> 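This is the structure, below, for whatever I ask next.
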Amino acid sequence: MTKKGRSLLWFRKGLRLHDNPALLEAAKDVEHLFPVFCIDPHFYEKQPIGVNRINFLFESLADLHESLSARGSRLLVLRGDPKQILPQVWKDWGVTKLCYEQDTEPYALERDNEIGELAKKAKVEVKTFLSHTLYDPVEVKKAHGGKTPETYKAFQSAVAKMPPPPSPVRDAPEKLPTIAPKAKGAEEKATGVPTLAEVGYTDKPTTSFHGGETKALARLTKSLEDKEWVVQFEKPKTSPAALEPSTTVLSPYMKFGCISARLFYAKLVQIEKEKKKHTSPPTSLVGQLLWRDFFYTVGYHTPNFHHMLGNPLCKQIQWDVDPVLYKAWDEGRTGYPWIDAIMVQLQQQGWMHHLARHSVACFLTRGDLYVSWTLGRDTFDRLLIDGDHFVNNGNWMWLSASAFFSQFFRVYSPITFGKKYDKQGKFIKHFLPVLKDMPDKYIYEPWTAPEEVQKKAKCIIGKDYPKPVVEHATKHKDNLNRMKSAYDANKSPQKRKEISDGFDEMARAEVLDMEADDDEDEEK
DNA sequence: TGTGCGTTGATTCG
DNA sequence: CGAATCAACGCACA
């Protein structure tokens, strides 16, 4: 049988050659294969992506290109809106089949729907595959009696009724079909992975984590080396103050699909079987993978999951609109070293420990500043190399006690929480060198240090390092009362609606616009 | 309608 | 260092 046809493999997430069913389908029985990634302006129109995050993506693309090249292919990187670009290239290149991995994020659903329609008109066959999550969110809902599981437990009971997650499919073949040699515009349009400078970045990336399937697989192997550690893993017992991460840091690779969740899962289950005794969800490593699938599932089925307004799961809360407090948090100058050090770690590394994220998220919202979780979500989305739509939004609602979690009286202290893990404040001193000579005794509350101690440490509070922007002891108590009132109000649909109607989204937008205004001021 | 539980709080007491 | 207490939420299930 002679091979005919030309397929286009569209990479979005799933930046890998292992466990990639769309790739296997695209490479099957065709004469030529066009592996494509689109740099879609949609993802940086709302806010500029942090340099670490965009670099992680570019590194992942470069790695993908290398791996494809080793198999006689290459990665074609296109610039622009895929809804415009793809129809053009499949016409130019004579593409007969379009293959990609399903993406359930709201923007992706809309985009892919539209592209599906365009493909139909152009008589391009479309084949899609579910391989980003362990379970299909649609199937999970079915298994739960047609209702969306809104708690982890409900999710667990739903998936317990389902077949286990599919095993990873076989790796990409050693030889892939080539790109058609004279495909019109293939070389001009697809100019390889862009440099940071080309897309307007002048700053260098600062993170020590690097993207790509190769790095991902190496990290997976290393993470699973110590099987005893694997089977004893309990997330809450790992330290948020460790300078060498106390967890796997596989999340950025999971976000971009440099690693397959199903591969990770299969390996964990194998080790658990081997060792017999092991920890269990929700705290175990398998439990962590299930959290990811839980948020993907509930997020997919909840309208306006990434908003407070119009989100049926989300408590309607009249958060303060305070650009000054928000910016102090965002830029790591709240005057609470534990909070600021974590925010600096976010800027530098694009990654923080899960409990560190809890600390700063609680602080921004119900704990101290009483600023909307959606602003914190945006900061994380901009700077985290593992920022993942459903997981990020879900966790922000959790920490702000807007959904999933309702014991709002459990507040993280910006002073004592970190102390439990790091009495000497090594973490703080690493990320806030201005405090490096502050005695351990004052490291979590430097404003309490006597003047001569501050002088000796060459760190005057209010000059070299900020005074606290709010007083935690009093503010968190005020907030507790406000949360109690908000919860009471949410019991009444009428009052809930009143809060929604009165919540000024424009005011929230102004907070974001402030940064643009600042830039203008600097130029003047 | 009551009860127990919920991935990861803080403080105090023994 | 573990347990009780603080003040007290919503949800699932009996």
Side-chain angles (χ1 to χ4, degrees), chain A residues 144-145 147-161 231-242 245-248 251 268 278-295 298 302 311-317 336 338-339 342 352-368 391 394-423 444-445 471-493 496:
Chain A
H144 197 241
K147 285 195 313 185
T148 303
E150 291 175 358
T151 64
Y152 189 82
K153 237 188 168 163
F155 175 81
Q156 269 186 296
S157 74
V159 300
K161 292 179 214 151
V231 295
Q232 282 175 15
F233 185 92
E234 286 178 90
K235 189 64 161 277
K237 289 190 180 165
T238 56
S239 169
S246 58
T247 53
T248 66
S251 52
L268 287 174
H278 58 82
T279 53
S280 297
T283 57
S284 65
L285 280 170
V286 167
Q288 303 312 302
L289 285 177
L290 294 180
W291 277 108
R292 173 174 177 270
D293 258 60
F294 166 63
F295 284 125
V298 66
T302 305
N311 180 346
L313 273 186
C314 186
K315 291 269 185 324
Q316 303 299 298
I317 297 172
Y336 288 91
W338 171 244
I339 300 299
I342 295 167
M352 317 91 95
H353 184 275
H354 189 59
L355 290 177
R357 301 180 194 205
H358 278 213
S359 280
V360 297
C362 181
F363 187 88
L364 177 73
T365 58
R366 65 191 168 84
D368 294 85
V391 182
N395 276 309
W396 270 99
M397 277 187 266
W398 187 295
L399 264 300
S400 62
S402 295
F404 309 113
F405 173 85
S406 48
Q407 291 148 292
F408 55 77
F409 41 88
R410 290 190 182 169
V411 174
Y412 289 83
S413 163
I415 298 154
T416 58
F417 185 73
K419 254 187 217 173
K420 279 192 292 195
Y421 303 91
D422 178 14
K423 216 157 181 316
Y444 285 87
E445 305 164 86
E471 194 198 338
H472 175 72
T474 52
K475 193 76 196 291
H476 101 268
K477 282 198 176 130
D478 294 346
N479 292 348
L480 276 180
N481 291 326
R482 295 182 72 180
M483 287 298 287
K484 171 129 189 63
S485 308
Y487 265 56
D488 286 343
N490 271 267
K491 284 176 194 161
S492 145
R496 200 181 132 92

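Predicted, not measured: the structure shown is a model, and the values here were computed from it.
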> Which whole number of Å gives the distance between the C1' atom of C:dA8 and that of B:dG4?
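That atom pair is separated by 14 Å.
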> Measure the distance from CH2 on A:W398 to P on C:dC11 and round it to the nearest whole Å.
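Atom CH2 in A:W398 sits about 13 Å away from atom P in C:dC11.
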> Using Watson-Crick or G-U wobble geometry with both distances below 3.5 Å, tell me the partner of C:dA8, or none.
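Looking at the geometry, C:dA8 pairs with no nucleotide.
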> Anything under 30° is parallel, anything over 60° is perpendicular, the rest tilted; go ahead and classify A:Y444 against A:W338.
tilted
> For A:K161, does the NZ atom sit with more than 12 other heavy atoms under 6.0 Å from it, leaving out its own atoms?
yes
> Any idea which of B:dT8, B:dG6, B:dT7 is nearest the A:P282 side chain?
B:dT7
> Please determine, for the side chain of A:W291, which listed nucleotide (B:dT7, C:dC9, B:dG9) has the closest atom?
B:dT7
> Select base, sugar-phosphate, or nothing to describe what A:F405 touches, counting heavy atoms under 4.0 Å on all strands.
nothing
> Rounded off to whole Å, could you give me the NE2-to-P distance for the A:H354 and B:dT7 pair?
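A:H354 atom NE2 is separated from B:dT7 atom P by 11 Å.
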> Which nucleotide, if any, forms a Watson-Crick or G-U wobble pair with B:dT8, using both distances under 3.5 Å?
none
> Can you identify which nucleotide, out of B:dT7, C:dG10, B:dA10, has its nearest atom closest to the A:Y487 side chain?
C:dG10
> If I take atom NZ from residue A:K491 and atom CZ from residue A:R496, how far apart are they, to the nearest 0.5 angstrom?
13.5 Å
> Nearest whole Å is fine: how far is B:dG6 P from A:R410 CZ?
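Going from CZ in A:R410 over to P in B:dG6 covers 11 Å.
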> Between C:dG10, B:dT8, C:dC9, which one does the side chain of A:K491 approach most closely?
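Among C:dG10, B:dT8, C:dC9, the one nearest the side chain of A:K491 is C:dG10.
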> Can you tell me if A:Y152 is stacked onto the base of B:dT7, using a 5.5 Å centroid cut-off and an angle below 30°?
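Stacking between A:Y152 and B:dT7: absent.
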> Tell me the interatomic distance from A:K237, atom NZ, to C:dC1, atom C1', rounded to whole angstroms.
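Atom-to-atom, A:K237 to C:dC1, this comes out as 13 Å.
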> Expressed as a whole number of angstroms, how long is the span from A:Q156:CD to C:dA12:C1'?
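My rounded result for the distance is 14 Å.
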> I want to check something: taking the side chain as every heavy atom from C-beta on, are A:T283 and A:P236 in contact at a cut-off of under 4.5 Å?
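Result yes, sub-4.5 Å side-chain heavy-atom pair found.
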> Rounded to whole Å, please give me the gap between CZ in A:R482 and C1' in C:dC9.
19 Å
> Rounded to the nearest Å, what distance is computed from the NE2 atom of residue A:H476 to the C1' atom of nucleotide B:dA10?
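Those two atoms, NE2 and C1', are 8 Å apart.
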> Starting the side chain at C-beta, find the nucleotide from C:dA8, B:dG9, C:dG10 nearest to A:K315.
C:dG10
> Would you indicate which nucleotide in B:dT8, B:dC5, B:dA10 comes nearest to any side-chain atom of A:T416?
B:dA10
> Does one side chain, of A:Y336 or A:H472, offer a donor that lies under 3.5 Å from an acceptor on the other?
no
> Report yes if at least one side-chain N or O of A:K484 is closer than 4.0 Å to OP1 or OP2 of C:dC9; otherwise report no.
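Answer is yes, contact under 4.0 Å.
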> Decide ring-ring contact (aromatic ring centres under 6.0 Å, His included) for A:F417 and A:F363; before the verdict, give the C-alpha distance in whole Å, the side-chain angles of both, and the deciding distance to 0.1 Å.
CA-CA 12 Å; A:F417 185 73; A:F363 187 88; over 10 Å; no
> C:dA3 and B:dC5: how far apart are their P atoms, nearest whole angstrom?
15 Å
> Rounded to the nearest Å, what distance is computed from the CD atom of residue A:E150 to the P atom of nucleotide C:dA12?
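That distance rounds to 8 Å.
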> Nearest to the side chain of A:F409, which nucleotide is it out of C:dA8, B:dT8, B:dT11?
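That would be C:dA8.
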> When the C1' atoms of C:dA12 and B:dT8 are compared, how many Å lie between them, rounded to an integer?
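Their C1' atoms lie roughly 22 Å apart.
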> Using OP1 and OP2 only, check whether a side-chain N or O of A:K420 sits under 4.0 Å from B:dA10.
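A:K420 to B:dA10 OP1/OP2: side-chain N or O found under 4.0 Å.
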